[in-house]
Amino acid sequence: MSMMKKKPHRDELIGLQILHGLVFRHHSRRRRFPLFSACLLLLFVVVLFLSPPVSDHTGHRRLILDTSFNNRVGIHINAEKENVFRVPRSGGIIGRDVWTSNQSNLFCGCSNAGNDFRPAVMKTEPRRYLLIATSGGLNQQRTGIVDAVVAAYILNATLVVPKLDQKSFWKDASNFSEIFNVGWFIKYLAKDVRIVSQLPETAGRVITTRSPRKCNKKCYETRIVPIYQRKRVQAVQLTKFDYRLSNRLDMDLQKLRCRVNYHALRFTSPILDMGMKLSQRMRAKSSQYVALHLRYEPDMLAFSGCYYGGGVKETKELASIRKRWKTLHAKNPEKERRHGKCPLTPEEVGLMLRALGFGNDVHIYVASGEVYGGEETLAPLKALFPNIHTKETLASKEELAEFQSYSSRMAALDFIVCDESDVFVANNNGNMAKILAGKRRYSGHKPTIRPNAKKLYRLFNNRHNMTWHDFASQIRTFQVGFMGEPNEVKPGRGEFHEHPLPCICQKRGDSARRGNELDRNNESNEEDEEQDLSETEYAEEDRVMPSRRDSGLRSSDQPELDEILSD
């Protein structure tokens with residue numbers, strides 16, 4: 001107890017000793033200690049005890065003595081630095097359930113065709129075929145497949161099962177049927193679009209072209225339909241087919257997109273079984289878990305043009321990787337980070353999650369390839385959340401052997417575990433993040449967190465100058481509009497795959513519930529009753545609140561660089 005009483009007055013005692021020394025030195029020629037000096041000393045002690053300590057911005061106590069003996073001599077005393085930014089082990093009480101989305105029970109997915117939607121049997125031309133060559137990694141190709149079905153519908157054409165990109169950065173030799181259940185794909189969409197596994201030999205020559213990016217219905221009708229009308233042309237192939245369809249289509253075409261993405265595209269049994277097994281193993285460790293798409297691989301950091309404090313070594317390594325893209329312009333790392341275009345570091349992701357209310361007992365599944373910096377980079381995240389898991393820690397080498405050599409199949413496993421999670425965290429705005437965000441909204445607005453990187457950047461830089469309470473409070477404020485809640489963007493805004501608003505209905509009593517059940521029965525009546533499985537920068541006005549802008553990387557703005565942002 002005596003020690004505790006002495007500690008708060010440590011600085012005062014030190015100051016007393018210093019003043020005593022000054023007074024003693026000034027009167028060293030005198031043998032007696034004068035009454036004047038004793039009074040001055042007593043007054044100084046009283047002032048010290050009644051005045052709060054002064055701290056400078058570095059956290060060191062600063063004590064300035066103004067005496068008549070040395071013309072305002074400044075004496076700096078470095079005491080033990082105050083640790084005002086102390087990260088708690090628990091998430092604390094934040095006034096809401098971190099595992100659920102507010103008002104999500106008021107909305108449901110609804111993608112049934114409308115009464116005016118003409119079925120395939122009524123509109124498909126008998127000798128007109130559309131071939132699609134997708135581009136990029138798994139999730140970028142997925143957007144191409146979804147839009148290919150809609151393009152075929154617009155063109156009144158029979159769709160040939162899309163060809164997957166096998167020559168991109170990802171170098172995955174898998175074909176469509178090795179990733180997706182092709183039989184289910186054809187069968188589920190039979191009423192909407194006629195689909196065949198391969199082009200008939202009688203179709204004749206194939207004209208290869210490329211549609212403009214974000215081409216709308218009229219665009220396809222004026223640019224592609226005339227090609228079919230030429231003599232003896234029955235088949236047209238559209239290459240590099242990603243983001244070749246407009247975000248703004250009529251309601252029925254948007255709902256067709258949703259039927260393809262959230263119902264028709266189903267992974268093959270080996271992928272589905274392994275993905276569900278990984279998710280179940282996460283559930284065995286904890287009834288609820290968070291999935292984090294970290295996206296902190298060397299290629300991603302190099303492409304972003306950001307800097308993460310690794311000195312000359314980091315600068316040289318990432319600059320070397322950037323040489324892969326000849327058209328990639330040099331970027332100002334500070335500017336990119338200031339504008340919110342850099343992924344958060346693993347430590348920053350961990351701090352954000354703690355501030356949002358997740359304690360250190362939470363289990364996190366990390367969907368990621370090679371993390372730049374390896375275990376050293378992950379160490380701060382693991383210090384905050386010790387229960388970190390990956391495909392490799394949940395499954396044996398033997399179990400992953402059939403997927404290990406195929407990047408798309410490995411990405412598909414991550415997709416399933418992330419989709420099955422209670423909370424999904426996307427550390428960038430790439431294709432996987434957008435598709436999962438949209439799918440989770442369609443499936444009941446399951447919580448989906450995307451860092452508001454532009455606002456968080458300044459906060460992370462200044463965190464050591466504030467208390468944890470203030471830091472966490474600002475984190476929660478900045479993340480409003482980035483948590484997967486309903487109505488986070490205005491109708492008609494945002495990228496469709498992330499915000500499929502035409503396919504989300506607000507429930508209205510019993511009639512809405514019955515409509516939702518009918519929508520679900522559209523699939524459950526089929527013979528196959530397997531479970532459904534089902535990368536955009538916003539303008540300032542796109543968000544409901546102007547302050548809720550996100551400036552993530554956007555693959556669709558630079559066609560030649562798309563593939564690196566696929567997952």
Side-chain angles (χ1 to χ4, degrees), residues 88-110 262 276 279-280 282-293 349-367 384-385 387 389 415-427 433-452 472-489 494 498-501 503-509 512-513 516-517 519-520 531-534 543-545 548 550:
R89 291 171 59 86
S90 68
I93 301 175
I94 61 172
R96 66 178 295 268
D97 185 354
V98 297
W99 299 103
T100 61
S101 177
N102 292 340
Q103 301 181 336
S104 62
N105 60 327
L106 302 178
F107 298 85
C108 61
C110 53
Y262 308 138
M276 294 304 296
S279 178
Q280 290 164 6
M282 286 296 297
R283 296 276 180 216
K285 296 178 181 297
S286 177
S287 60
Q288 296 169 311
Y289 73 90
V290 173
L292 167 61
H293 190 214
V349 172
L351 291 173
M352 178 191 72
L353 289 176
R354 179 72 90 251
L356 290 175
F358 296 93
N360 71 333
D361 58 337
V362 169
H363 287 254
I364 298 180
Y365 176 87
V366 176
L384 289 165
F385 296 94
N387 302 308
H389 311 277
F415 186 99
I416 294 170
V417 183
C418 290
D419 188 34
E420 290 293 316
S421 69
D422 298 276
V423 175
F424 173 60
V425 183
N427 193 27
K434 288 191 293 190
I435 291 176
L436 272 171
K439 187 177 186 305
R440 292 171 69 87
R441 285 187 169 93
Y442 183 83
S443 302
H445 286 87
K446 294 192 294 184
T448 303
I449 301 171
R450 187 157 50 83
N452 184 355
S473 178
Q474 291 189 53
I475 286 279
R476 292 192 290 271
T477 298
F478 292 158
Q479 282 300 119
V480 173
F482 292 82
M483 301 291 287
E485 298 286 354
N487 300 321
E488 284 189 338
V489 300
E498 183 179 1
H499 298 279
L501 299 185
C503 304
I504 297 176
C505 299
Q506 187 166 358
K507 298 178 182 178
R508 297 183 184 279
R513 283 193 290 272
N516 186 39
E517 290 170 0
D519 188 53
R520 292 174 180 171
Q531 181 180 359
D532 264 347
L533 293 176
S534 314
R543 290 278 169 187
V544 175
M545 294 177 63
R548 301 173 191 170
D550 173 79

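Every heavy atom of this structure was used, including side-chain atoms; hydrogens, water molecules and symmetry mates were not. For this chain, numbers begin at 1 and follow the sequence in order. Everything quoted here is computed from the prediction, not taken from an experiment.
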Report task. Flag the pair H445 / I504 as yes when at least one side-chain heavy-atom distance between them is below 4.5 Å, and no otherwise. Result -> yes

Report task. Would you confirm whether S104, through its side chain, and T100, through its main-chain N or O, come within 3.5 Å as a donor-acceptor pair? Result -> no

**Report entry** Nearest-0.5 Å distance that lies between atom CG in N487 and atom CD in Q103
**Finding:** 8.0 Å

**Report entry** Residue pair M276, E420: steps toward the side chain to side chain contact (heavy atoms under 4.5 Å, CB included) verdict
**Finding:** CA-CA 8 Å; M276 294 304 296; E420 290 293 316; 3.9 Å; yes

Requested in this report: Evaluate disulfide bond (SG atoms under 2.5 Å apart) for C505 paired with C110, printing each intermediate quantity in order.
Outcome: CA-CA 6 Å; C505 299; C110 53; 1.8 Å; yes

Query raised in the report: Can F107 and R441 be said to form a side chain to side chain contact (heavy atoms under 4.5 Å, CB included), step by step?
Result: CA-CA 9 Å; F107 298 85; R441 285 187 169 93; over 6 Å; no

Query raised in the report: Does E488 use its side chain to pair, donor to acceptor, with the backbone of M483 at less than 3.5 Å?
Result: yes

**Report entry** Of I364, I449, V98, the residue whose pairing with V290 passes side-chain contact (heavy atoms from CB on, under 4.5 Å)
**Finding:** I364

Query - Expected output: side-chain K285 to main-chain H389 donor-acceptor under 3.5 Å - result: no

Query raised in the report: Which pair of heavy atoms, one from S101 and one from G484, lies closest together, and at what distance?
Result: OG-O, 3.7 Å

Report task. Check the pair E485, V480 against side chain to side chain contact (heavy atoms under 4.5 Å, CB included), reporting the backbone distance first and the verdict last. Result -> CA-CA 9 Å; E485 298 286 354; V480 173; over 6 Å; no

Query raised in the report: When rounded to the nearest 0.5 angstrom, what is the spacing between CG in L436 and CD1 in I416?
Result: 10.5 Å

Requested in this report: Answer yes or no: is there an ion pair linking D422 with R440, defined by an N-O contact shorter than 4.0 Å?
Outcome: no

Query raised in the report: Is there a donor-acceptor pair under 3.5 Å between the side chain of N452 and the backbone N or O of F478?
Result: yes

Requested in this report: Compare every heavy atom of A367 with every heavy atom of C418, then report the nearest pair and how far apart it is.
Outcome: SG-CB, 3.8 Å

Query - Steps toward side chain to side chain contact (heavy atoms under 4.5 Å, CB included) verdict (Q479, L356) - result: CA-CA 9 Å; Q479 282 300 119; L356 290 175; 4.2 Å; yes

Report task. Heavy atoms only: give me the nearest F424-A426 pair and the separation to one decimal. Result -> CE2-CB, 3.9 Å

Query raised in the report: From N360 CG over to R354 CZ, what is the distance, rounded to the nearest 0.5 angstrom?
Result: 5.5 Å

Report summary line: Value for CG (L353) from CG (L384), rounded to nearest 0.5 Å, stands at 9.0 Å

Query raised in the report: Which distance, rounded to the nearest 0.5 Å, do you find between the NZ of K507 and the SG of C108?
Result: 5.5 Å

Report task. Mark yes when over 12 heavy atoms from residues, nucleotides or ligands other than Q288 sit less than 6.0 Å from its CD; otherwise mark no. Result -> yes

Requested in this report: Please answer whether the main-chain N or O of G494 pairs with a side-chain N or O of E498 as donor and acceptor at a distance below 3.5 Å.
Outcome: no

Report task. Measure the spacing between CE of M282 and OH of Y365 and express it to the nearest 0.5 Å. Result -> 8.5 Å

Query - Beyond-backbone contact of F385 with D361, side-chain heavy atoms, under 4.5 angstrom - result: no

Requested in this report: For residues Y289 and W99, establish whether the separation of their ring centroids is below 6.0 Å.
Outcome: no

Requested in this report: May I ask you to decide if R283's main-chain N or O and S286's side chain share a donor-acceptor pair within less than 3.5 Å?
Outcome: no

